[in-house]
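All values derive from a computational prediction rather than experimental measurement. Just so we're on the same page: letters track the sequence lines, and every chain starts at 1.
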Protein chains: 2
Amino acid sequence: MKHKKATRITIKDLAQELNLSTSTISRALANHPGISDQTKELVNGVADRLGFAPNSIASSFRSRKTKAIGVIVPRIDIDFHSRVISGIEAFAYKSGYHVTIFQSQDSYKREKEIVKILQTKMVEGIIVCLAMETKNYDHFKKLLKSKVPLVFYDRTPDSFETNKVMINDFESAYLATEHLIQQGKTRLAHIAGNQTTGIFKKRLEGFKAAIEKNGLVVYEDLILEAQHLSYQEGVDCACKILDSSIRPDGVFCANDYTAAAVIQTLNKRHTAIPEEVAVVGFSNYPIATIVEPHITTINDRAFQMGEATGRLLIQHIEEDEIDVIDYQVITLKTELIVRESTAEKRH
Amino acid sequence: MKHKKATRITIKDLAQELNLSTSTISRALANHPGISDQTKELVNGVADRLGFAPNSIASSFRSRKTKAIGVIVPRIDIDFHSRVISGIEAFAYKSGYHVTIFQSQDSYKREKEIVKILQTKMVEGIIVCLAMETKNYDHFKKLLKSKVPLVFYDRTPDSFETNKVMINDFESAYLATEHLIQQGKTRLAHIAGNQTTGIFKKRLEGFKAAIEKNGLVVYEDLILEAQHLSYQEGVDCACKILDSSIRPDGVFCANDYTAAAVIQTLNKRHTAIPEEVAVVGFSNYPIATIVEPHITTINDRAFQMGEATGRLLIQHIEEDEIDVIDYQVITLKTELIVRESTAEKRH
DNA sequence: CTGAAAGCGCTTACAG
DNA sequence: CTGAAAGCGCTTACAG
């Protein structure tokens with residue numbers, strides 16, 4: 001006798017067992033209204049007893065619904081993205097969807113490959129945070145042409161309109177900068193992110209706008225760009241800024257790693273924070289409350305961004321008859337969390 | 001005329017277009033050996049021209065291969081897990097698999113729900129890091145009975161043998177503790193993780209073993225348990241330890257958050273690190289090189305753990321005929337990264 | 001090297 | 001409230 005692979009129980013088996021049609025079994029399992037409660041109980045009972053597990057692939061194939069959404073992120077192991085994904089998964093799960101994840105590794109080539117894979121109807125909708133390299137959006141336009149619901153978050157296309165979820169980077173930077181001004185700071189520096197990326201451009205703009213609106217001077221020499229906003233780049237920028245002839249009394253950093261770097265550099269130089277130099281970060285990473293003094297920063301609400309992105313996508317998946325909406329742009333509120341690096345007395 | 005949904009191109013359409021059978025089209029697209037190169041070129045050309053995208057659901061349904069693996073983690077937005085997932089995705093992607101992620105939120109109930117969802121043949125194999133609450137493994141045993149390949153990582157079942165990928169927690173803790181002893185430290189403290197979890201129990205055991213092996217005394221009063229190993233718990237434990245009558249000169253922490261907490265607490269008390277008290281952490285989180293002094297810690301190789309887990313699972317999926325292997329346990333090497341919190345001179 | 005045909009396990013209009 | 005029947009888009013043994 002040959003080794004026989006465990007054959008799975010199907011609705012056919014249940015039908016045979018109960019002398020009912022497969023139609024009835026299928027409907028009973030789906031809790032269809034037109035089936036008597038008695039039959040439903042009977043079916044569910046036998047299903048349990050025989051250890052029936054529905055074949056979701058067959059079901060997806062037939063119904064053309066996979067209940068799957070695809071997510072393309074640059075990298076999963078970046079704090080911001082892992083929190084967004086967590087929000088997406090949490091919302092998707094309670095809506096009966098599951099989430100399949102791909103990393104573009106910030107590569108345009110790989111992003112295109114992934115889009116191609118996702119075009120096979122494996123997923124009902126796609127969420128994307130663009131790869132750093134991506135400047136051409138044809139692969140996504142093709143997707144849209146075939147009516148696949150698509151939502152971008154954070155890093156979004158700049159040359160065409162589509163569904164997006166973002167935070168108000170301009171306003172957040174404006175808020176952060178104005179807070180420094182309110183603390184009496186007048187010579188402000190900024191460690192900026194990659195200026196080919198929209199969100200970092202907006203943060204720089206918000207920084208400048210707040211300064212100008214308050215009648216102060218924008219010192220271009222105090223604005224430095226850090227490609228990856230890493231801690232080490234932050235240290236380098238901090239040294240340059242602090243050694244500049246215009247000695248700054250406030251620094252706004254485009255993320256918390258660089259803010260932590262500025263703070264540690266100041267600490268080493270025994271410069272009083274915030275009295276001599278105040279520091280504001282961006283994102284509210286865990287380090288913001290570990291570094292001393294704790295970092296005043298912008299709460300970027302990554303988890304909520306994930307939830308909002310998931311909600312928007314699922315809405316588009318399920319209400320595709322509402323063809324009236326062309327695209328939707330959601331901007332989330334942020335908040336300034338004031339901590340010791342700008343305001344409170346250090347104990 | 002009613003609005004007609006964009007009907008997808010199928011292999012039938014390609015067959016018609018080329019006056020070939022669907023069998024040939026299917027084989028040509030799959031690059032089957034028994035098809036002439038000329039035909040393959042022809043088919044691929046027309047497929048491109050008509051914008052054919054294969055229906056992977058139909059294919060999965062028919063071939064019984066989904067090329068999908070499911071991953072159940074407590075939470076995605078924990079640094080360790082996000083790095084493991086990144087490793088899993090990276091390995092899976094280059095092996096032609098994709099990864100669907102679920103968060104158990106450390107809930108036993110939710111973990112069972114997810115397992116039930118995954119039993120629908122949606123995935124070909126499953127990777128799990130157990131929920132904190134989980135003490136009963138029946139849901140996984142059922143999975144194994146139905147021959148679904150299953151691999152656990154990090155937090156693994158303690159009462160039954162199965163595929164696992166772990167680091168050597170005992171040995172790592174032993175190494176870390178012995179390093180403190182080599183620095184001349186004799187009164188050692190330990191901030192331990194939840195002792196109902198195997199890995200944290202092993203870390204405590206390794207800590208004790210190193211002390212005993214070196215002829216020193218284990219001070220039970222200097223061993224504190226922190227449920228979640230959070231920064232705040234770390235601060236609380238640090239205060240208790242430092243105010244104890246046996247003043248410790250070395251602290252081994254079960255993660256880097258609590259190690260950072262100990263360091264900051266020592267800094268506030270103006271206690272010299274490492275001269276008066278040396279500190280070792282665990283995991284090599286980003287904060288390890290941000291906090292001053294930088295933290296000596298164990299590199300837990302999370303990304304590599306993800307790769308190894310993915311490799312092991314896919315091996316089991318693809319070589320299921322190799323029934324000889326019952327289960328496999330892989331233990332990864334760790335390394336001690338020595339930094340200023342124990343050894344180097346602080347500049 | 002290519003084709004005819006069966007069938008994977010469901011769902012769903014249609015009929016009663 | 002239930003059933004008979006068609007069919008989703010592929011893959012694959014079998015035949016030539």
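- When the C1' atom is compared between C:dG16 and C:dT12, the two are found 16 Å apart, to the nearest whole Å.
- Pairing of C:dA13, defined by two Watson-Crick or G-U wobble distances under 3.5 Å, is not identified with any nucleotide.
- Under 4.0 angstrom from either OP1 or OP2 of C:dT11 there lies no side-chain N or O belonging to A:S23.
- An OP1 or OP2 oxygen of C:dG3 is reached within less than 4.0 angstrom by a side-chain nitrogen or oxygen of B:T24.
- Taking atom NZ of A:K12 as the reference point, atom P of C:dT11 lies 14 Å away to the nearest angstrom.
- Whole-Å rounding puts the A:R27 CZ to D:dG3 P distance at 9 Å.
- Atom-to-atom, CE of B:M122 to P of C:dC8 comes out at 23 Å; the value is rounded to the nearest Å.
- B:Q38 has its CD atom 11 Å from the P atom of C:dC1, to the nearest Å.
- The number of heavy atoms from other shown groups lying within 6.0 Å of NZ (B:K116) does not exceed 12.
- Rounded to a whole Å, the CD1 atom of B:I9 is 16 Å from the C1' atom of D:dC8.
- Here the CD-CD1 distance, from B:Q103 to B:I78, works out to 9.0 Å after rounding to the nearest 0.5 Å.
- Each of B:I126, B:V115, B:L313 was checked for a side chain to side chain contact (heavy atoms under 4.5 Å, CB included) with B:L150, and the lone residue meeting it is B:I126.
- Among the nucleotides C:dG3, D:dT2, C:dC1, the one closest to the side chain of A:L20 is D:dT2.
- Contact between the side-chain N/O atoms of B:S21 and the OP1/OP2 oxygens of C:dT2 is not found at any separation under 4.0 Å.
- In terms of modelled atom types and a separation under 3.5 Å, the side chain of A:T66 and the main chain of A:A68 share a donor-acceptor contact.
- Side-chain atoms of B:T39 lie closest to C:dT2 of the nucleotides C:dC10, D:dT2, C:dT2.
- Proximity of residues 56-65 of chain A to DNA chain C (heavy atom under 4.0 angstrom from any strand atom) is restricted to A:A58, A:S59, A:F61, A:R62.
- In this structure, A:H32 places its NE2 atom 14 Å from P of C:dC14, rounding to the nearest Å.
- In this entry the distance linking CD of B:Q16 with C1' of D:dG9 reads 14 Å, nearest Å.
- Taking atom NZ on A:K121 and atom C1' on D:dC10, their separation rounds to 16 Å, with Å as the unit.
- Nucleotide C:dA4 has no partner under the Watson-Crick or G-U criteria, as no pair reaches both atom distances under 3.5 Å.
- For B:K135 and B:Y108, the positive end is not near the middle of the six-membered ring at less than 6.0 Å and at most 45° from its axis.
- Of all heavy-atom pairs spanning B:A131 and B:S107, the tightest one is CB-N, 3.7 Å.
- Atom NZ of B:K65 has 12 or fewer heavy atoms from other residues, nucleotides or ligands within 6.0 Å.
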